[in-house]
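Structure, as structure tokens:
Predicted, not measured: the structure shown is a model, and the values here were computed from it. Below, chain A is the first sequence line, B the second, and so on; all start at residue 1.
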Amino acid sequence: MPDRLILAIETNLARCSAALVGESGVLAQESVTLQRGHAELLAPMVQGLMARVPLGFEGLARVAVTTGPGSFTGVRVGLAFARGLALALSLPIIGVSSLEVLALADGESGWRAGIIPSAEGVFFALYEDGQTRVAPARLKPEEAQAALAGRAVRLTGPGAALLDNHGGAQIVSDAPCVLALARLAGPRDPSCAPAAPLYLRAALA
Amino acid sequence: MESKSILLGIETSCDETAAALVRLAAPDGPAEILADVVLSQFAAHAPYAGVVPEIAARAHVEAVDTVIAAAMREAGIGFADLSGVAATAGPGLIGGVLVGLLTGKAIALARGLPLLAINHLEAHALSPRLAAHAPFPYLLLLASGGHCQFLAVEGVGRARRLGSTIDDAAGEAFDKAAKVLGLGFPGGPALELAAQSGDPGAFALPRPLLGRPGCDFSFAGLKTALARAAQMEPLTHQRQADLAASFQAAVSDVVLDRTANAMAAFEARGGGAAPLLVAAGGVAANGVLRAGLSQFAAQRGYDFVVPPKRYCTDNAAMVALVGAERLQLGLIDGLDAPARPRWPLDSEAAAAHPTHVPGRKGAKA
């Protein structure tokens, strides 16, 4: 029985990343740091990954993608591409918030939060043992600070140094980890994890 | 011979999310439209009396895959039946263009199909070939919300720009005129309807560039004059209709005057033995303009073709058709094809005579 593979795609922030992950582990991954140009890079990157597995697209079982928040364009590039793949291959697609992928990048135990600076405040989400405690939202820094409630929350993301997290770890990273996305999306029910954009900002600011 | 050349077309460059399936049996042959689905975002933009780019991009990404699925169902085919995927890659509102192009890249990659990154202007330029026999070369008036230009269309990938607007596009002028007259959005159809009960001679509005050499356009002065006239007295129903009719008459006069010069330029390039004038783009759906152009073309010994209304406005059938024609010529694009907010069809003419101030990003169209 060949490995059933997940193709994970992440383009929300300052990286363009894709990975092929199976039950036996990571088969292939690529990640490039960039501010713009996700739209040119993504398709050739995925083409390169798929060429490394014998079955190609036929071996895929599902597609996973980050849904934002992040750059509006980056969010749409990933979603449009992932949804196009899912349509053309009749595959289930799973969307996971960039904040959840950041927060749960290296595990799920204890209190963890994802944080991304935004134009007016921060994008923030808080988890306890993998359960959502504060769903992804745009908050004022003081509101995010209050949500920590004095706990030593493990903070991950481009904004990890923005809050006082009472001695918890601050892991400043430029973008969600595509392998964490694949891990979170693997067991998830597609009907409960739609690949729909999460902008958290109005179209007309 | 049974041809398998079926192209999926995807169009997301402005405020229509569209997908179509077109079969082209042979180059220059008749196109068979197997499905043609257009989802208009008009209601989302109506409160702003214009297209808001971020609203458009958001609507495209929510809808484009289901629109494609609907087109596939309508055609009764599967992805395995396709020969290629054609997606508009510009010019247009970049957020929306990216959505359609990335979706197209994904389908092409997943199904091992060639990708064709289509210039939206070329799609309009070839759109008459969807429904009529329109052999190359022909003289094209492309008048839409984003563009207003004359092109000598000499083949696939071979269009020469003869003239272009130096300020607003014709459709933009219609939209803005409708806005100052309080007629709603999109402005073209609303203004045309209001004009039916108006007197086209009621107001002497300016006719920019009338009688001047060349076949460029200008609509800014006309638009300003209309706005001033609209503000002078209370806008009664009749006054609204008279202003709409007078505006439409002014646009029509300018277009016919410019067309005469464009015909001369077209003929100077060799023209064609049985010359053909084609009007495309959303503004070509205007009945008064169509009638005027038809009569004028007949006077000048030109055949005249206007695509049916649904192919004048943005649609994906025209994108699929250009894809099919380009595929037959082997003009395939890479999966790294960029989305281009600015992409003149005739880059040489646009660089040599930039009618839009080009700016650091280069000529628009």
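Looking at B:E172 and B:K223, no side-chain N of the basic residue comes within less than 4.0 Å of a carboxylate O on the acidic one, giving no salt bridge. A salt bridge does not link B:R326 with B:D333: every distance from a Lys NZ or Arg NE/NH1/NH2 to an Asp or Glu carboxylate oxygen is 4.0 Å or more. Between A:E30 and A:R52 there is a salt bridge, with a side-chain nitrogen of the basic residue lying less than 4.0 Å from a carboxylate oxygen of the acidic one.
Among A:G37, A:A43, A:A195, the residue making the largest number of heavy-atom pairs under 4.5 Å with chain B is A:A43. When B:I55, B:L115, B:D65 are compared by the number of non-hydrogen pairs under 4.5 Å with chain A, B:D65 comes out ahead. Looking only at heavy-atom pairs under 4.5 Å with chain A, the residue among B:V99, B:I68, B:V64, B:L335 that has the most is B:L335. Chain A forms more heavy-atom pairs under 4.5 Å with one residue of B:R111, B:R58, B:K105, B:E54 than with any other, namely B:R58. Between chain B and the residues A:M50, A:R83, A:Q47, the largest count of heavy-atom pairs under 4.5 Å involves A:R83. Comparing A:G78, A:S90, A:G84, A:A86 by how many heavy-atom pairs each has under 4.5 Å with chain B, the most go to A:G84. In terms of heavy-atom pairs under 4.5 Å with chain A, the best-connected choice from B:P338, B:A339, B:G112 is B:P338.
In this structure, A:E40 CD and A:M45 CE are separated by 12.5 Å, a value rounded to the nearest 0.5 Å.
Residue contact with chain B, scored on non-hydrogen atoms closer than 4.5 Å, is absent for A:L60. Proximity to chain B is limited to the side chain of A:F72, based on heavy atoms less than 4.5 angstrom apart.
A:P176 pairs in a side-chain contact (heavy atoms from CB on, under 4.5 Å) with only one of the listed residues (A:I116, A:L104, A:L102, A:L181), which is A:L102.
A search for salt bridge (charged side-chain N to carboxylate O under 4.0 Å, His left out) contacts involving B:E62 returns nothing, not counting sequence neighbours.
At a cut-off of 3.5 Å, with distance as the only test, a side-chain donor of A:R76 or A:Y199 sits close to an acceptor on the other residue.
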